[in-house]
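Presented below is the structure to which this report refers.
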Amino acid sequence: MPPLEKWEQFFDTEHVLDALQLPSDCQRVVEFGCGYGTFTLAAAARIDGTVCGVEIDPVMVATVRERASAFGLDNVELVRRDFVARGTGQADSSADYVMLFNILHHDKPGLMLAEAWRVLRGGGYLAIVHWNHDETTPRGPPMAIRPRPDQCLEWAVDAGFESQAAEIDLPPYHFGLILEKPGGES
């Protein structure tokens, strides 16, 4: 990871969360691999409920904890855990919204999507953000493992999700997808 200040220049967090339709009345949001908390903290500032950031790196967990305190956010919960190997530790059907941001290049995207399915309630939303499949992006995984939007969509649909919108352009370097776990009340 680059330094925090550099990292956060790659995103317009407010635009991303608006475009991915994060509802302010969410009671529980879970972010897999929260890193510096760029989106965990932005989501916590916008919702009524709790945002849980799950992260394997203890330095990142400590950083997010310090940043949440500095921003006066008391609705951030942090879990240090290898969620690919051990799951998130969240209860079944406990989340309204799950964020998988810049992480589906992992060699086991299906496991992450299955875990997102497990923790989302019926009618809950999965938001995916990833680096554009473009060599000119200043960061991101190697092109050989960087997923394209259609791959992410296919993996999510294979996991049981239903697409809610076309691919969303998140300039300058990202795309997004919104999917729903069927079964919510109409």
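In what follows, every heavy atom counts, from backbone to side chain, and hydrogens, waters and symmetry copies are set aside. All of these numbers come straight from a predicted model, not from anything done at the bench. Numbers here are sequence positions counted from 1.
Under the 30°/60° scheme for interplanar angles, the aromatic rings of Phe11 and Phe39 are found to stand perpendicular. Taking the six-membered ring where the residue is Trp, Tyr173 and Trp131 present tilted rings, their angle falling between 30° and 60°.
Tyr97 and Pro23 make their closest contact through CD1-CD, 4.0 Å (heavy atoms, listed as atom of the first residue, atom of the second, distance). In terms of heavy atoms, Phe175 sits closest to Pro147 at CE2-O, 3.9 Å. Summarising the geometry of Leu126 relative to Ala116, their closest heavy-atom pair is CD1-CB, 4.1 Å, with the distance given to 0.1 Å. Counting all heavy atoms, side chain and backbone alike, Ala127 lies closest to Phe101 at O-CE1, 3.5 Å. Scanning both residues, Val129 and Leu20, for their nearest heavy atoms gives CG2-CD1, 3.4 Å. Minimum interatomic distance between Glu14 and Ala42 (heavy atoms only, all atoms of both residues): OE2-CB, 4.1 Å.
Although no hydrogens or angles enter the test, the distance criterion places a donor-acceptor pair under 3.5 Å between the side chain of Gln151 and the main chain of Arg148. When atom types are taken as modelled, the side chain of Arg81 and the backbone of Gly87 share a donor-acceptor pair closer than 3.5 angstrom. Between the side chain of Arg80 and the backbone N or O of Asp57 there is no donor-acceptor pair closer than 3.5 Å. A donor-acceptor pair under 3.5 Å is absent between the side-chain atoms of Asn132 and the main chain of Asp134, judged by distance alone. For the pair Asp92 (side chain) and Val119 (backbone), a donor-acceptor distance under 3.5 Å is absent. Checked by atom type and distance alone, the side chain of Lys181 never pairs as donor or acceptor with a backbone atom of Arg121 at under 3.5 Å. Remark: the backbone N or O of Arg65 is not paired with any side-chain donor or acceptor of Ser69 at under 3.5 angstrom. Put simply, the side chain of Asn75 gets close to the backbone of Gly49: a donor and an acceptor are under 3.5 Å apart.
Cys34 has its side chain within reach of Leu78: a pair of non-hydrogen atoms, C-beta onward, lies under 4.5 Å apart. In this structure the side chain of Phe83 reaches within 4.5 angstrom of the side chain of Ile103, judged on heavy atoms. Proximity of Leu179 to Tyr125: side-chain heavy atoms (C-beta onward) are nowhere separated by under 4.5 Å. Using a 4.5 Å heavy-atom cutoff, the side chains of Asp18 and Arg46 are in contact. Side-chain contact check for Leu104 versus Cys152: some heavy-atom pair is nearer than 4.5 Å. With contacts defined as side-chain heavy-atom distances shorter than 4.5 Å, the pair Asp25/Ile47 does not qualify. Counting heavy atoms from C-beta on, the side chains of Val29 and Asp96 never come closer than 4.5 Å. The closest side-chain heavy-atom distance from Arg28 to Cys52 is below 4.5 Å.
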Just do the side-chain contact (heavy atoms from CB on, under 4.5 Å) check on Glu77 and Val51 with the steps written out, would you?
CA-CA 6 Å; Glu77 174 187 310; Val51 179; over 6 Å; no
Passes side-chain contact (heavy atoms from CB on, under 4.5 Å), Tyr36 versus Leu41? Steps please.
CA-CA 9 Å; Tyr36 288 117; Leu41 300 174; over 6 Å; no
Between Thr50 and Gln27, does a side-chain contact (heavy atoms from CB on, under 4.5 Å) hold up when you go through it step by step?
CA-CA 6 Å; Thr50 301; Gln27 292 306 300; over 6 Å; no
Leu153/Ser163 under side-chain contact (heavy atoms from CB on, under 4.5 Å): CA gap, chis, key distance, verdict
CA-CA 8 Å; Leu153 178 60; Ser163 178; 3.8 Å; yes
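Rounded to the nearest 0.5 angstrom, Glu162 CD and Ile178 CD1 are separated by 14.0 Å. Between Glu180 atom CD and Gln164 atom CD the span is 4.5 Å, to the nearest 0.5 Å.
Transitive grouping of hydrophobic side chains (ILVMFWY, heavy atoms separated by less than 4.5 Å) brings Val98 and Trp155 into a common cluster. Placement of Ile56 and Val64 in two distinct hydrophobic clusters is found when ILVMFWY residues are connected by side-chain heavy-atom separations under 4.5 Å, directly or transitively. Hydrophobic clustering, with ILVMFWY side chains joined whenever heavy atoms are under 4.5 angstrom apart, groups Phe71 together with Val76. In this structure, Val61 is not a member of the same hydrophobic cluster as Phe32, with clusters built from ILVMFWY side-chain heavy atoms closer than 4.5 Å. Leu73 and Met99 fall into different hydrophobic clusters, defined by Ile, Leu, Val, Met, Phe, Trp and Tyr side-chain heavy atoms under 4.5 Å apart, directly or through other members.
Just one residue in the list Ile168, Asn102, Val16 forms a side-chain contact (heavy atoms from CB on, under 4.5 Å) with His174, and that residue is Asn102.
Ion pairing of Arg86 with Glu115 is absent here, as no side-chain N (NZ or NE/NH1/NH2) approaches a carboxylate O to less than 4.0 Å.
Checked by atom type, the side-chain pair Thr137/Arg146 shows a donor-acceptor distance below 3.5 Å. Inspection of the Glu31 and Thr40 side chains reveals an N or O donor paired with an N or O acceptor under 3.5 Å.
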